[in-house]
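Reading through the structure tokens given below for one structure.
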Amino acid sequence: MPSGPPVRRRDGTAAHPAGTATPDATPPPTTLSEAVCGGHPTGRHQIGPGRGCRGWSAPTQVLLLVSAATPGTLNDSAAERRHQGGSGFGGRRGDRYREAMAEATTPNADDLPQHRYDAALAQEIESGWQARWEADGTFHTPNPVGDLSEGFEAVADRPKQYVLDMFPYPSGAGLHVGHPLGYIGTDVFARYLRMTGHNVVHTMGYDAFGLPAEQHAIATNTHPRKRTEDNIANMERQLRRLGLGYDRRRSVSTTDEAFYRWTQWIFLQIFGSWYDTDLGRARPVAELEAELEAGRIPAEGTNPTGKPWAELDASERRHVVNGHRLAYLAEVPVNWCPGLGTVLANEEVTADGRSERGNFPVYRRPMKQWMLRITAYADRLLEDLELLDWTEAIKSQQRNWIGRSTGADVTFSTDAGPLTVFTTRPDTLFGATYMVVAPEHPLVGALTTDDQRDAVQEYVSAAARRSDVDRQTEGKEKTGVFTGSLATNPVNGESIPVYVADYVLMGYGTGAIMAVPAHDQRDFEFAQAFDLRIVPVIAAPDEHDPLVQAWTGDGVAINSANDEVSLDGRSVAEAKATIIEWLEGKGLGTGKVQYKLRDWLFSRQRYWGEPFPIVFGADGEPQALPESELPLVLPPMEDFSPKTSDDEDSEPEPPLGRITEWTTVDLDLGDGVQSYRRETNTMPNWAGSCWYELRYLDPTNTEALVDPENERYWMGPQSPDDCGGVDLYVGGVEHAVLHLLYARFWHKVLFDLGHVSSKEPFRRLFNQGMIQAFAYTDDRGFYVPADEVVEVDGAYLFEGQPVTREYGKMGKSLKNAVAPDEMCERYGADTLRLYEMFGGPLDQGRPWDTTAVVGMYWLLQRVWRVIVDEGDGPPRVSDDHPDDDTTRLLHRTVAAVRDGMETLRFNTSIARITELTNHLTATYPDGGVPQSVAEDLVLLLAPLAPHIAEELWARLGHEASLTYQGYPTFEEDWLVDASVELPVSVNGKVRSRIVVAADADADALEAAARADDKVAALLDGATVRKVIAVPGKMVNFVVA
RNA sequence: GCCCGGGUGGCGGAAUUGGCAGACGCGGGGGACUCAAAAUCCUCUGCCCUCACGGGCGUGCGGGUUCGAUUCCCGCCCCGGGCACCA
């Protein structure tokens, strides 16, 4: 390890490198094995009396790290610091910030202890250690191979852990205290893992393409790259200040050319493959071409000429192959958002038909756009959820979005030809009394009879005019028109009318349904409105009124038999199986699985995104750019604003299309040099986040997106049934069906093509809660700055006027944001970290309460005082052995703190550390805490409050950072008391307590309980019916 | 409407999952030290009755299982989130 930055003594007289002994001091440990007390990683840091490694303690060993980067602060005396206004306010019970700020200067600062842990000292410690960690590369983690592999052999035997945060969009507003909740959580966990002997990869990057940067750039007339880089720099500064232990060499931004080169490369892999449904995986299109050559029949709809492969020309063949690709161009109904000037994915449109970003209206229109065939993976995306350690909430959202339904396709005959429907209830086929086709159904024209033509045409065009928004807001009243045609029910030969109605959607199933009003509520409502027959075919319970609503529950089939098959008496499940078998035998239908998931609309008409590595030849068919052309760099532009409009019928115009010198290019793609037209759309901002976790593992690799060996080491399956992936992924719940579904899809494509060994990108997902805060409105309903509101006798006042309190998201609009920088200045980053972790389990939302932060500040001050003499600064620990009470509490604390760490319930760890600290201040009011106990306290605290822990560790005589120090361990023997106090209850009510030996058996417990005065009094004269004595738990007497 | 979460003091939250409800912290009350303050420390703080001793009630509500329920079962209520004419 390189030596640290210059180290200053507190009085500024002499500088020594960290851990270097002052002349009159006992030398500090100099070798690694000495310093780590038994040797990390496999060795455990033993606590308790009698362990071999004694700490080193000398009064003159007063080391304080000061940032090398801020030499100006080196000569600040404590007194000077105290006049800078930041100190002296945090420690007064009951103080409010504003009062503290008002008395910026503390009277007679020289009287204050020189070594008090106050805000100024905390910041000095923090910036000093942040600088040293950075200079030492403390959090650099080696890879098995490649550029970052130096030093891997030394850690190769450790278990690995990949701890990941959802990387942020670098917003211009900067962070508020709600943002880093998850980052602090992963940092605490990663630090704990390092101290328990793991090789931990942990870093942070930026998801920087997207609309806000572009919109802001347009507004301020700067290039989005400039804006993005400024925001990233600011965010890095804010995060650095929190002491987050990242391997910064691994940081990436999705907007880096070196990064999006590989985003484009992955797109080419997707474009270059097709989904083989027989094998259930993606394969390169070259293999498809070989199979087509060998006689494979092209997939339905991919060969409009109908000619055999051998007779197709090059362009026609290209068209056939393009129709199979996982990335394809298609004219489909898309979400057109004129207000943003771009199309959007289904996932980016809200339920009421508006854009998730900007809240502009979205219209469905057919347009030719890039699609990714995520539907090919619907089954695997659904099934593999079972392999994941995710919350049920997120899994169910994904299941819901994928929307798998099993049922059957059934074909009815009509005069216009066969009409196929999808149904999940083929068991109710005998109850089908009419049919409905969607207004957009291709058979509508053919089905419509002359006398119905006017009515149908009017209905269809009215439906087309209405946007999805209108259809939704009009409620669920059923409308429709009879087409004039009849269809034949294949199971009973009945003629039933065919209607056109907009409650049937073209985009799901076949766009046509068989209607069973007795057993489907929507069909029931339509049948009521149009006076259609309702034939029950499932026996409903007596209390069900068939005239009020459909019976959709279970039951036995009735009225369901023809000459060949009878469902009568069978359950729903049996009836389904029976009728599907019959339909398949007759060629009238097939069992079918249907999904709600649609293919992913992947193009955007925006500037600030990855350009597609695609060109179009003379035949208009898309072709891949050769890999040698990557990265295809986003060309510079003066005016990159999108063409926005409020006109629903406007046309998308990608900004890149305006750079005529860029849009055409001469290339040789195998047919000699020809002129090609570039794709001018860009990728959606989800592209980079679909794979960034892989790039962290090998950020400098120029040969591959990630070296397979590095991927296998960090993300590969750990056992035969393991899907592999990141060991812990922490982020907000808002990405349940966007990023998390897209990333899984890309990862599975890369898996199929052999680029990764893990089936899933994120093995374990943890959703951190959101920090919310109070906000206040005045009598006009306007928000007032929350930090200027005061509480007086339960009322809230702003500038003397009463205001109304609300509770909501923290942010600019509610004027209730609190910046982490402000907390760092008032208390230090360690206090902020502790406060954020103390609020509750990481997955729970919580209110922000600035007045409560001080509790954690006081805790750190107590910890500091346990170890450091506030007046002169030397450690005030002793070489004494701890007494048994202290040792026992220490072991219990260690056990509980470890448990909290492992379950991500850091709040309980902090509570236990507080208890230990309070015990030490009470037991050793005048100092003299045994050094071994002090060291364990510091190590316990280290993942949570790393700066103060490092500083105390150094002051206790250790040279090396404690980052890789072994975390304290406990011994079971110390967890049990010799005697325990147990409750004694009579008829379930606790009446007394007895003290017995911890291992007392049931008889001994009962005897001790009966001997208790209070219990004896209660039992006197009563009949004891039963005695329950549970050793180690309690005694209960049941009396008459 | 359907699907997921979740309801514990004034507040954030603990409780090894069937065995002392309320750890720890904030807020609040009282006190020590001090000329006074700051800093620090001690102490009380679920609700109700009682001068007190003590007693009663308490984990959203109502039932049930059990010697014993915050924990398990049944039925409701409320809050948060997601989906929503998906056949």
Side-chain angles (χ1 to χ4, degrees), chain A residues 88 91-95 103 106-108 111-113 116 351 391-397 399-401 403 405 407 421-425 428 436 471-472 475-478 501-505 507-516 520-523 525-526 594-597 733-734 736-737 767 791 794 834-835 838-841 843-849 851-856 858-859 861-862 865 870 895-896 899 905 907-915 918 921-922 925 981-990 992-993 1025-1028 1030 1032-1039:
Chain A
R92 243 165 273 143
R93 203 169 277 258
D95 267 6
E103 45 167 8
T106 308
N108 203 1
D111 291 349
L112 287 175
R116 167 154 301 155
T391 61
E392 207 40 50
I394 298 284
K395 285 189 187 184
S396 76
Q397 277 189 57
R399 284 192 198 105
N400 209 327
W401 189 261
S405 306
V421 301
F422 172 72
T423 176
T424 57
R425 294 295 303 276
T428 61
V436 183
R471 283 202 199 179
Q472 304 243 346
K476 290 172 184 173
E477 283 203 6
K478 297 291 178 290
D502 68 0
Y503 83 91
V504 171
L505 309 172
Y508 183 76
T510 62
I513 62 156
M514 66 174 206
V516 185
D520 182 284
Q521 188 59 27
R522 296 152 303 185
D523 297 346
E525 286 163 14
F526 190 86
Q594 186 69 48
Y595 299 93
K596 276 200 270 186
L597 184 70
V733 72
E734 66 274 15
V737 289
N767 297 110
E791 186 187 347
L834 279 176
Y835 175 72
F838 188 61
D843 54 352
Q844 238 166 61
R846 63 199 65 177
W848 176 267
D849 179 7
T851 61
V853 178
V854 74
M856 292 296 108
W858 289 331
L859 169 63
Q861 289 185 324
R862 289 201 297 280
R865 267 197 307 275
E870 288 191 330
D899 183 62
R905 284 150 60 234
N907 52 326
T908 61
S909 295
I910 295 169
R912 296 280 98 84
I913 290 171
T914 307
E915 282 176 323
N918 292 348
T921 54
E981 191 187 65
L982 299 180
V984 180
S985 51
V986 176
N987 287 345
K989 284 196 194 305
V990 177
S992 185
R993 293 182 169 78
R1025 289 261 175 84
K1026 195 172 177 183
V1027 180
I1028 296 101
V1030 184
K1033 297 283 190 189
M1034 43 62 72
V1035 184
N1036 186 26
F1037 291 95
V1038 184
V1039 302

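Residue numbering restarts at 1 for every chain, and letters A, B, ... go by the order of the sequence lines.
Partners of Asn400(A) by side chain to side chain donor-acceptor pair (under 3.5 Å), not counting sequence neighbours: none found. Legend: residues meeting side chain to side chain donor-acceptor pair (under 3.5 Å) with Ser985(A), ordered by chain and number and at least two apart, are Asn1036(A).
One interatomic measurement links the two molecules: CG of Asn767(A) to C1' of rG81(B), which rounds to 12 Å at whole-angstrom precision. Between Lys596(A) atom NZ and rA84(B) atom C1' the separation is 7 Å, expressed in whole Å. Going from atom OH of Tyr835(A) over to atom C1' of rG27(B) covers 12 Å, rounded to whole Å. If you measure from atom CG of Asn918(A) to atom P of rA23(B), you get 13 Å, rounded to the nearest angstrom. In this structure, Leu834(A) atom CG and rG25(B) atom P are separated by 13 Å, rounded to whole Å.
Across all strands shown, Ala911(A) has heavy atoms under 4.0 Å from base atoms, whether or not it also approaches the sugar-phosphate. No contact: Gly403(A) has no heavy atom under 4.0 Å from any strand. Thr391(A) comes within 4.0 angstrom of nothing in the nucleic acid, heavy atoms only. At the heavy-atom level, Asp523(A) lies nowhere under 4.0 Å from the strands shown. Backbone-only engagement by Gly845(A) is indicated by non-hydrogen atom pairs under 4.0 Å involving sugar-phosphate atoms exclusively. Residue Arg865(A) is classed as a sugar-phosphate contact, given heavy-atom separations below 4.0 Å to backbone atoms only. Heavy atoms of Pro925(A) sit nowhere under 4.0 angstrom from any nucleic acid atom.
On the P atoms, rG5(B) is 24 Å away from rU59(B), given to the nearest whole Å. Atom name C1', nucleotides rC67(B) and rG60(B): the rounded distance is 27 Å, in whole Å. Taking atom P on both nucleotides, rG58(B) is separated from rC44(B) by 26 Å, rounded to a whole Å. As rounded to the nearest Å, rC51(B) and rU40(B) have P atoms that lie 39 Å from one another. Distance check on atom C1': rG22(B) versus rG12(B) gives 13 Å, rounded to whole Å. The P atoms of rU16(B) and rC2(B) are separated by 33 Å, rounded to the nearest whole Å. Across the C1' atoms, rG62(B) and rC78(B) are found 15 Å apart, a figure rounded to whole Å. Atom name C1', nucleotides rG1(B) and rU71(B): the rounded distance is 31 Å, in whole Å.
Judged by the 6.0 Å and 45° rule, Lys478(A) forms no cation-pi pair with Phe526(A).
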- [ ] Give the B/S/- string for nucleotides 52-58 of chain B, one per nucleotide from 5' to 3', where a protein heavy atom under 4.0 Å of the base yields B, of only the sugar-phosphate yields S, and otherwise -.
- [x] ----SS-
List every contact pair, protein side and nucleotides 61-71 of chain B side both N or O, where the distance is under 3.5 Å.
from    : atom 1 : to         : atom 2 : distance (Å)
rC67(B) : OP1    : Lys1026(A) : NZ     : 3.4
rC67(B) : O2'    : Asn1036(A) : ND2    : 3.1
rC67(B) : O2     : Asn1036(A) : ND2    : 2.7

Shorter than 3.5 Å, N or O on both sides, protein versus nucleotides 3-6 of chain B: list them out with atom names.
from   : atom 1 : to        : atom 2 : distance (Å)
rC4(B) : O2'    : Ala393(A) : N      : 3.4

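Distances shown here put a side-chain N or O of Ser405(A) below 4.0 Å from the OP1 or OP2 atom of rA87(B). Listed pair Arg905(A) / rA15(B) meets the phosphate criterion, a side-chain N or O lying under 4.0 Å from OP1 or OP2. Between Asn907(A) and rA14(B) there is a side-chain polar atom (N or O) within less than 4.0 angstrom of OP1 or OP2. Contact annotation: Gln521(A) does not reach the phosphate of rC2(B) (side-chain N/O to OP1 or OP2, under 4.0 Å).
Arg846(A) places a side-chain N or O within donor-acceptor distance of the main-chain N or O of Pro841(A), the cut-off being under 3.5 Å. Of the possible donor and acceptor atoms, one in the side chain of Tyr835(A) sits under 3.5 Å from a partner among the backbone N and O of Asp849(A).
With hydrogens and angles ignored, no donor-acceptor pair closer than 3.5 Å exists between the side chain of Lys1033(A) and the base of rC20(B).
Atom CD in Gln594(A) sits 11.0 Å away from atom OG1 in Thr423(A) (nearest 0.5 Å).
Which of rA87(B), rC41(B), rC26(B) sits closest to the side chain of Trp858(A) comes down to rC26(B). Each of rA87(B), rA14(B), rC20(B) was ranked by its minimum atom distance to the side chain of Val990(A); first place goes to rC20(B). Looking at the side chain of Thr851(A), the nearest of the listed nucleotides rA14(B), rG25(B), rC26(B) is rC26(B). Distance from the side chain of Phe838(A) is smallest to rG25(B) among rG25(B), rA23(B), rA87(B). For Lys478(A), the side-chain atoms get nearest to rC85(B) when compared with the rest of rC85(B), rA87(B), rG25(B).
Base pairing analysis places rC83(B) opposite rG1(B); the two distances defining the Watson-Crick or G-U wobble pair are each below 3.5 Å. Pairing for rC41(B) is with rG31(B), a Watson-Crick or G-U wobble pair whose two hydrogen-bonding atom distances lie under 3.5 Å. Nucleotide rU66(B) forms no Watson-Crick or G-U wobble pair with any nucleotide shown, as no partner meets the under 3.5 Å limit on both distances. Under the Watson-Crick and G-U wobble criteria, each requiring two contacts below 3.5 Å, nucleotide rC57(B) is paired to rG46(B).
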Table please: side-chain donor-acceptor pairs of residues 507-515 of chain A below 3.5 Å, with sequence neighbours left out.
from      : atom 1 : to        : atom 2 : distance (Å)
Tyr508(A) : OH     : Ser405(A) : OG     : 3.2
Thr510(A) : OG1    : Thr420(A) : O      : 2.7
Thr510(A) : OG1    : Ala512(A) : N      : 3.4
Thr510(A) : OG1    : Ala512(A) : O      : 3.3

